[in-house]
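Note sheet for the following structure.
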Protein chains: 2
Amino acid sequence: MFTMLRINTATGATVKEQANTREFLLGARTLSSRLVSREVVPACDPFGRQNKLFFTNGVLSGTTVSSSNRLSIGGKSPLTGGIKESNAGGIVGTRMAEQGLRCIALEDAPGRDAGWKIIVVGKEGVTFHDGEFLAGKGVYEKSELLVERFGAKAGCVTIGPAGEKLLLASGLACSDPHGVCSRYAGRGGLGAVMASKKVIALVVLADGDVKPEFVDSEVFKTGSRRIVKLLQENPVSSLFTKYGTAAMVDICQAVNVLPTRNFTHGWMEGAERINAQTMYDTIKERGGEGRTQHACQHPCAIQCSNVYPDKDGALLCSPIEYETMALMGSNLCLKNLDTIATMNRIANDAGVDTLDCGAAIGVAMEAGLAEFGDDQAAIGFMEEIRNLTPLGRILGSGCKTAAKVLGVRHAPHILGQALPAYEPRGTKGMAMTYLSSPMGADHTFGFTLRDEEVPTTKEGKVNLSKKFQVIGSRMDAMGMCNFVRYSVRNDMTPLLDLIKILHDVEISDVEFDDIVKETLRLEHQFNRDAGITALDHRFAETFYEEAQPETGEKIDITDEEVAEARRW
Amino acid sequence: MFTMLRINTATGATVKEQANTREFLLGARTLSSRLVSREVVPACDPFGRQNKLFFTNGVLSGTTVSSSNRLSIGGKSPLTGGIKESNAGGIVGTRMAEQGLRCIALEDAPGRDAGWKIIVVGKEGVTFHDGEFLAGKGVYEKSELLVERFGAKAGCVTIGPAGEKLLLASGLACSDPHGVCSRYAGRGGLGAVMASKKVIALVVLADGDVKPEFVDSEVFKTGSRRIVKLLQENPVSSLFTKYGTAAMVDICQAVNVLPTRNFTHGWMEGAERINAQTMYDTIKERGGEGRTQHACQHPCAIQCSNVYPDKDGALLCSPIEYETMALMGSNLCLKNLDTIATMNRIANDAGVDTLDCGAAIGVAMEAGLAEFGDDQAAIGFMEEIRNLTPLGRILGSGCKTAAKVLGVRHAPHILGQALPAYEPRGTKGMAMTYLSSPMGADHTFGFTLRDEEVPTTKEGKVNLSKKFQVIGSRMDAMGMCNFVRYSVRNDMTPLLDLIKILHDVEISDVEFDDIVKETLRLEHQFNRDAGITALDHRFAETFYEEAQPETGEKIDITDEEVAEARRW
């Protein structure tokens, strides 16, 4: 049996429910999207009483299987207007497992004058604490105060000042293994949804003592080691072990899909100044707290995270991911890792998604508010967000709204969510994936780029995108890190075996993929019921009209092709 | 035969087309909405090459019939995302008639680096002039420069700095009889659409010499005098003659529908300080350039416009309308006519709609950016718009976008267009009309308030709204001022007779209403094709959840009722 804890944020009432269905077994996005689909009125105001937030862990949560402890958070997104599942590493999923919880649901919303509160979930039950002392503080300071109060091992989910003000690009910051809320469920504005319920932090205490019950623990250990071996032997995940996701800079530059100058180009002169090798060398050279190989959760055999130090070796930002390096780097024609790290740090402190804010700054630069390549201006924009100035609020609303307010047509988003770091005119597979995602443009979904023989052509890309939509979604479906997919894309047996050993439940690969596809079907249906139409699954008109200079390519994908790529 | 002049704003090519259909005969919204419906791709970017702007005059344009010379402007709205017809008084429609034109179409769009131009239409043809010298200037200064260049009798349509920057609430300012561009086609952001085509002014010279050909000019004169008599005898239009639309302040206050404090209330203490009598007395007392009875076009037997003077009797703003007095007055808890006039003047100079900006300021006050009732802050907000600061851009994007950026749930709009000055929970007829309009919330459409026996109940309001949707749309359909409707609501014969005499075409009242209804059908169809769904035809959720304090009423209208009120 799996347990869901429902917490009414208006009345304080709590209730535990138990279920033993496949969806509760798998947890993660499989569960959160079904709950959203079933319990949230699609047309509701995301900030109103009818929206809910579901925090779910996955089928292997609480075990020692590498990369299996991600936390999924589902609800209606104020950014896209549709369903959202956003997930993060860190320790919250594990803490939930130790409390015997598969899901925590935040429901209802108090009146507009209610004060901030902290909701604490522990062995003794749920308690509500005054959270006013956290209000207005940055995420780093909030983290420290939460650790002080609840211990470094507590799993916390908090929001930044941006979330408190309901900015659409605000994320949820989750505790990493060091007790810092630096692992972001960044996309879709779910930070603002938690804020709309006047919850400034959700804390899962480390006093849980529920342990996985193994059918056969030795066999499980063997299966778990098999995952580690697969990850270590796989060329992609082992590349990430050395360089982190920064390895993508050179790969994308080579095929003209490195977003540059507000997604008008796919190639940047001087990209090597922000590539993986430069980052690696900088971290090694500066030493101190710097780390090139670093885990966002334990255990993890990939350890793609990093700690980027300042000139004196003190922690500047952890982690710095490729998506941020592109959206806050090349997309703004910035070529200085320290600038990117500083912007990333401010974003983490403000509590906003680096992608949506990077894209919004690109739009602001196109609108003429600063020159592309101006490091100080870019950092200044991030400070505006952190300080919640009017300009900061525009930028913290994501690139779609920023483009509306600033009069820019070339707005890089789908469903209001900024494009990730692959310029879509240069990769029609990724373009197809962006267009087809129920979550808005998303880099963890249907990642085709490595498997496109000719990235610039759309031939065959409907099927390629759909293939990888399933491959990627398998990981979300069970709370695994997305990077495990490289090792099991052709054979899910190693993971399905572990489920069998742990839960005594046999799921075939066909049945598993059916569940994954049903999730996508439900998500698209939610969106339709929320008023999202086929026309929302388009790029800005300029992507169809203006060719990417490097490749001469425009978006040439039709509504019919997108419809086909969304049909499950 | 009626003539349409097409102007390609990218190539400079022009072409004249002739037609003799009913739609060209009636002109105005009948024609503009059909042209938009037929020629504009519904899903297009409103600022892209596929959008068009149609300027049409009406069936009695160029004649001496009272209030018959309004100018309609149609296109796809960047504010609502749907079809738009916005109309204004002034002299441009007459100038077009004198040039023998029923319609001027601005098509295509030049590249993003094109400079500003002025398009001049005259007897000798179309010429393009460099318009860079107008860029960045306020509408008042632009007006003066246009008069200097093209004469006080030229009919000009221009935009303010807000339009130049593509702000969504920017309007089109049209010449009044004194050569001042102060008659606004304010709603729907069409100013930004003209800007997107890099047209900073459209000028119709006064050198036209086409005169109406009368089948029988004496009979026409008699028919025309009949209209004047009807207007003078009608209690509503004669009330407007004395007091202007300001008369509505007391009427709305009396039935608790005066928008107050960001549409959270329907009644304001001290409303008498901004009512019609106070305005009348102030204007009379100050004298100077002040006028209580003033025509926006010639001839007009109503003359509801006014000239509001400052303390020294110099023109401060002309006109001040009830909608502005409520949205920039009571809605912000402001009780000083000088403040409202100042804000209105700045709006006119910036080139923005007073309703959408007033509503956006209400949202900003609710967000805590200033206190309700703070005159200086309110004027300051307007200056931010005029100066195009980040906060000004937020506010100039209208209340929907401002609410998104500022984190306010109670956003008073339908389809992104701010509610006019009737708090909808207190008048379910107007609420039904707002919800049903293809243009977004609109005060010139389906005006039920005067005919609601019990405004707070929704019973019978579907039919009442539909009845007045037709009555109001008849005026738009032929380019008449909306206030003529009071005199012909039960009998259109006086107007249909004039059409017969002037054009030798007989249109029955049934046929006429069929044309009106077909226009509505086409408009809703365009919107559906543009991705607008039934869910967009709803108020913000708070209007359904929170009762208006004065009446205890919430919005209780269902999607089904709205669908019925939109079925034609």
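By convention in this document, chain letters (A, B, ...) are assigned in the order of the sequence lines, proteins followed by strands, and residues within each chain are numbered from 1. The model shown is predicted, which means the values in this text are computed figures rather than measured ones.
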For B:E371, I'd like to know if atom CD has over 12 heavy atoms of other residues, nucleotides or ligands within 6.0 Å.
no
Value for OG1 (A:T533) from CD1 (B:I532), rounded to nearest 0.5 Å, stands at 10.0 Å
So for A:D536, is it side chain, backbone, both, or neither that comes closer than 4.5 Å to the heavy atoms of chain B?
neither
Measure the spacing between NZ of B:K404 and CZ of A:R393 and express it to the nearest 0.5 Å.
15.5 Å
Let me know if A:L406 has heavy atoms under 4.5 Å from chain B in its side chain, its backbone, both or neither.
both
Just so I know, are the side chains of A:E541 and B:Q50 near enough to count as touching, which here means a heavy-atom distance under 4.5 Å?
yes
If I measure from the heavy atoms of chain B, does A:A192 come under 4.5 Å with its side chain, its backbone, both, or neither?
neither
Region of A:L391 that comes under 4.5 Å of a non-hydrogen atom in chain B:
both
Is chain B contacted by the side chain of A:P78, its backbone, both, or neither, given a heavy-atom distance below 4.5 Å?
backbone
Report which part of B:L167 has an atom under 4.5 Å of a heavy atom belonging to chain A: side chain, backbone, both, or neither.
side chain
A:E545, A:E366, A:R49: which one forms the most heavy-atom pairs within less than 4.5 Å of chain B?
A:E366
For A:G48 and B:R409 the tightest heavy-atom approach is CA-NH2, 3.2 Å
Under a 4.5 Å heavy-atom cutoff, which of B:T401, B:L166, B:T389, B:I394 has the most pairs with chain A?
B:I394
Contact class of B:A530 relative to chain A, heavy atoms under 4.5 angstrom
backbone
Can you tell me how far the CG atom of B:L535 sits from the CG atom of A:D529, to the nearest 0.5 Å?
8.5 Å
Whether over 12 other heavy atoms sit under 6.0 Å from B:K198 NZ:
yes
Which atoms of A:E384 come close to chain B, meaning under 4.5 Å heavy atom to heavy atom: side chain ones, backbone ones, both, or neither?
neither
